[in-house]
Amino acid sequence: MIQVEWFYWLMGLFFVAVGVLVARDRTNPRRTTSGAFWALVGLCFPYSSFVVTGAAPAWVLGLGLVVIAAIAGTGRLARSGSAAAAGAAGDVDGLEADRGGEGAGRATAPLRAAGTAVLASREALAARFGNRLFVPVLIIPVVTALCATVGKDVSVGGQPLLQSGSETVIGLAAAGIIAIPVGMWLFRQRTPALALTEGRRLTEDLGWALVLPQLLSVLGLVFATAGVGKAIGDTVSAVLPDGVLLPAVVLYCLGMAVFTVIMGNAFAAFPVLTAAIGYPVLVQAMGGNPPAVFAIGMLSGYCGTLCTPMAANFNVVPVALLELKSNYAVIKAQIPTAVPLLVANVVLMYVLAF
Amino acid sequence: MLVLLGILVVVAGFALRLNPMLVVTVAGLVTGFLGGMSLKEVLDAFGTGFAGSRSVSIFLLVLPVIGLVERNGLQEQARRLVSRMSRLTTGGILAGYFVVRQATAAIGLMSIGGHAQTVRPLVAPMAEAAAVRRFGELPEAVSQRIRAFAASTDNVGAFFGEDIFVAVGAVLLITSFVDTTYGYTLAPLQVALWAIPSAVVALLIHGARSLHTDRALARAIAKTRATEVAR
C-alpha cells in the first residue's frame, strides 16, 4: 500500500539536498543562512510524520518554523547566483554534454553561452522534439486523474493500493516522479541530473513563497485556538439590525468574503460566520433553505480568496512561478471578477434561498 | 476582543510591505499570547498546523520534470504550436483553458490543472505567443498582464468548479459542520446543486473577461506605441 508519507519524506530529502547544495554554492551571497533555511524546511517534513502520529512533540516543529520564518523574514534567504544565471540564460552546454555521450553525468557544465544563443538552441531543441515535448507534461494530469478516480478502487491483497483519502495527493506526486524517466528517455538524457538541477533552480526561484502557504495554515490554527473567530462572530452579530432580510444576507456574504481575505481561507471563515449569522438569523429566524444559504455563503468566501495575499498558494506562488514583477499582479487580475461575483452571490442567495 | 489585534498585525504588516513570512509568524505569536496561550501551546499549534498542511506543498514534486522539459524547449514548442494555429487568439486560449479547468474541477479532477502543472509550462506561454503573433514584440507590462490573467483563469475556474463536485473538501466541510453543530442531515448533493448558480455566473463573468482580453491588449499596445512615437 502506497502511503502519502513516503512522498513527504521524499520532499524532505529534496529540500535537504537543496540546502546542502546551496550551502556549498559560492555564488550565493548568503549561503550559510540560505542553506540552513532549505535544510530546516526539509527536516520539518519527515519530523511532521511523527507529529501526526503523536510520537514526537509538536512544539519542536513549531520552534523550527519560527527559525525558518526568521531567516526569510530578515532577508537572510538569497538565491544562488548560479541558479539565477542558469534561469536567465539556460545551461544548454551541460545539457548537450549529457546527451552527447562522452560527457555523461556532467550535466552542470559551466555557463558560457550568452542568453540569445541559448534561446536559439532551445528553439532548435523544440524543432527537433516537436510535440513530444508535451508528453511528460500531459502525463501529470492523466496519472493524477487516474489515481483520483480509478486508483481508489484498486486493491492489492485486500489492502487498497493507495492510502485512502490521499489518492489525489499521491497521484500528483507519483505523476511528477513517473514523468521524469519518460522525459529522460524522450529527450535522450542519460542522468536525472538535469531534472534535479532544474528542480533546485525552480525551488530557489520560489523561495519563501514555497513555505508561506503552510505557514498561513499555521496562522489559521492559532487564530482558531485563540478565539479570533468567536470575537469576529460576536462583533458581526452585534452590528446586525433585527428582522430585515437583505442586510442580513449582505452581512453574511460580505462577512464571509472579508473574513476570508483576513484568514486566506474560506474554510476558516465558514464556521464562524455561519454560527454568527448564517444559521441563527438566515435559517432559523428568516426561514432560509439551509443548503442554498450554506453553499452560496461558502462561495462568497471564495470571492475573498481571489483578493488576498493570505491565500498564498493561489495568489503568491504563481507570482513567483510566472516571474511576475508585482506581488499583487494575480490579485489585480482577479478583483474585477471577484467583486461582481460577490454581488451576484448576494442576489442569488436573496432570490433563491428565501 | 483583544485577540483581534493579531489581525491588525497582519493588515499593518502587508500594508507596510514587510516580508510576509515575518508578518504571519509575528501575528501568530501575538494572537496566541493575547488569547491566553502559553509559549509551548503556541509552538504546539505552529507544529500541528504545519504537519497537517503538508499536502499544499506537494506540487513541489512536479517542478523537476517541468524544469527538465522546459530546458528541452517546452515553452518554445508551445509558442511554435500556437503560431501555426492562426485562429487561436490570446483571449480564446485563456477562455478555453478556463472552461476546461472549471469543467474538470466540477467532476472532481482538481489537481490536473494548477500553476505549476499547466499554467507555467503551457497556458501562459501559449497565451503570450498568440499575442506576439498578432501584435509583434510585446511591451513587458503587456506580457506580465497576460501571465497574471492566465493564473487568474486557473484560480477562478478551480474555485467555482470544485463546489459542484460532491466529494470535495468544501462541500464535506459544510455538511459535516452543520450536521454536527445543528443536527441536520444534509446530503452533499443538495449543497453541491446550490453551487451551480454561482458557478454559472462565474463562468459568464470570467469567460467574458477572458474573451475581452484581445481587445484590451490591442488598446494597451496601441497606447504604448503611441507614447513611444510621441517620444
Side-chain angles (χ1 to χ4, degrees), chain A residues 8 48 51-52 58-59 61-62 65 69 72-73 122-123 125-126 133 136-137 140-141 144-145 168-169 172-173 176 179-180 183 187 195 198-199 202 208 213-215 217-219 221-222 225-228 231 262 271 291-292 294-295 299 302 313-314 318 321-322 329-330 333-334 337 344 348, chain B residues 1 3-4 7 19 21-22 24-25 28 31-32 35 40 43-51 53-56 58 61-65 67-69 72-74 76-77 109 111-112 115 117 120-121 147-149 151-152 155-156 159 170 173-174 177 186 190-191 194-195 197-198 201 205-206:
Chain A
Y8 294 147
S48 294
V51 172
V52 170
W59 66 265
L61 183 57
L65 265 189
R122 275 211 309 267
E123 294 277 3
L125 287 169
L133 283 159
V137 182
I140 297 170
T144 311
T168 313
V169 177
L172 183 59
I180 292 175
F187 311 130
E198 282 298 289
L202 289 173
W208 51 258
Q214 280 191 257
L215 201 62
S217 312
V218 167
L219 184 65
L221 190 67
V222 175
T225 319
V228 172
I262 292 166
F294 300 141
L299 289 168
Y302 283 16
N313 47 336
F314 301 113
L321 270 175
L322 299 173
V330 177
Q334 286 169 173
T337 295
L348 287 172
Chain B
M1 271 334 219
V3 289
L4 294 179
I7 296 173
N19 182 296
M21 295 278 282
L22 198 65
V24 171
T25 310
T31 308
K40 184 173 172 293
L43 290 179
D44 268 333
F46 271 46
T48 320
F50 182 90
S53 64
R54 284 172 297 166
S55 62
V56 298
I58 202 85
L61 288 176
V62 308
L63 293 182
V65 71
L68 170 72
V69 190
N72 279 288
L74 175 68
E76 286 69 22
Q77 177 61 18
L109 302 174
S111 295
I112 72 167
H115 300 292
Q117 304 98 299
R120 176 187 161 116
R147 287 187 212 171
F149 201 89
S152 81
N155 285 336
V156 178
F159 293 179
L173 179 102
I174 293 174
F177 173 74
L186 287 186
Q190 287 176 286
V191 176
W194 285 109
S198 302
V201 177
I205 295 176
H206 210 69

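We name chains A, B, ... by the order of the sequence lines, and we start the count at 1 in each one.
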* Is chain B contacted by the side chain of A:Val51, its backbone, both, or neither, given a heavy-atom distance below 4.5 Å? -> side chain

* Top residue by heavy-atom pair count (under 4.5 Å) with chain B, among A:Pro318, A:Gly199, A:Ala179, A:Ala344? -> A:Pro318

* Asked: Non-hydrogen atoms of chain A under 4.5 Å away: do they reach the side chain of B:Phe177, the backbone, both or neither?
  -> side chain

* Structure fact -> Applying a strict 4.5 Å limit to non-hydrogen atoms, the region of B:Val56 in contact with chain A is side chain

* Looking only at heavy atoms, what is the nearest atom pair of B:Gly28 and A:Val222, with distance? -> O-CG1, 3.3 Å

* Where A:Ser48 and B:Phe50 come nearest, the two heavy atoms and their spacing -> OG-CD2, 3.4 Å

* Which region of B:Leu186, side chain (C-beta onward) or backbone (N, CA, C, O), has a non-hydrogen atom less than 4.5 Å from a non-hydrogen atom of chain A, or is it both or neither? -> side chain

* With only heavy atoms counted, which part of B:Ile7 is less than 4.5 Å from chain A, the side chain, the backbone, both or neither? -> both

* Under 4.5 Å from any heavy atom of chain A - which part of B:Asn19 -> side chain

* Side chain from CB out, backbone as N, CA, C, O: work out which of these in A:Leu348 comes under 4.5 Å of a heavy atom of chain B, or both, or neither. => side chain

* What are the two closest heavy atoms between B:Thr25 and A:Ala69, and how far apart are they? -> OG1-CB, 3.0 Å

* **Single hit among A:Val137, A:Leu172, A:Thr144 for side-chain contact (heavy atoms from CB on, under 4.5 Å) with B:Gln117** => A:Leu172

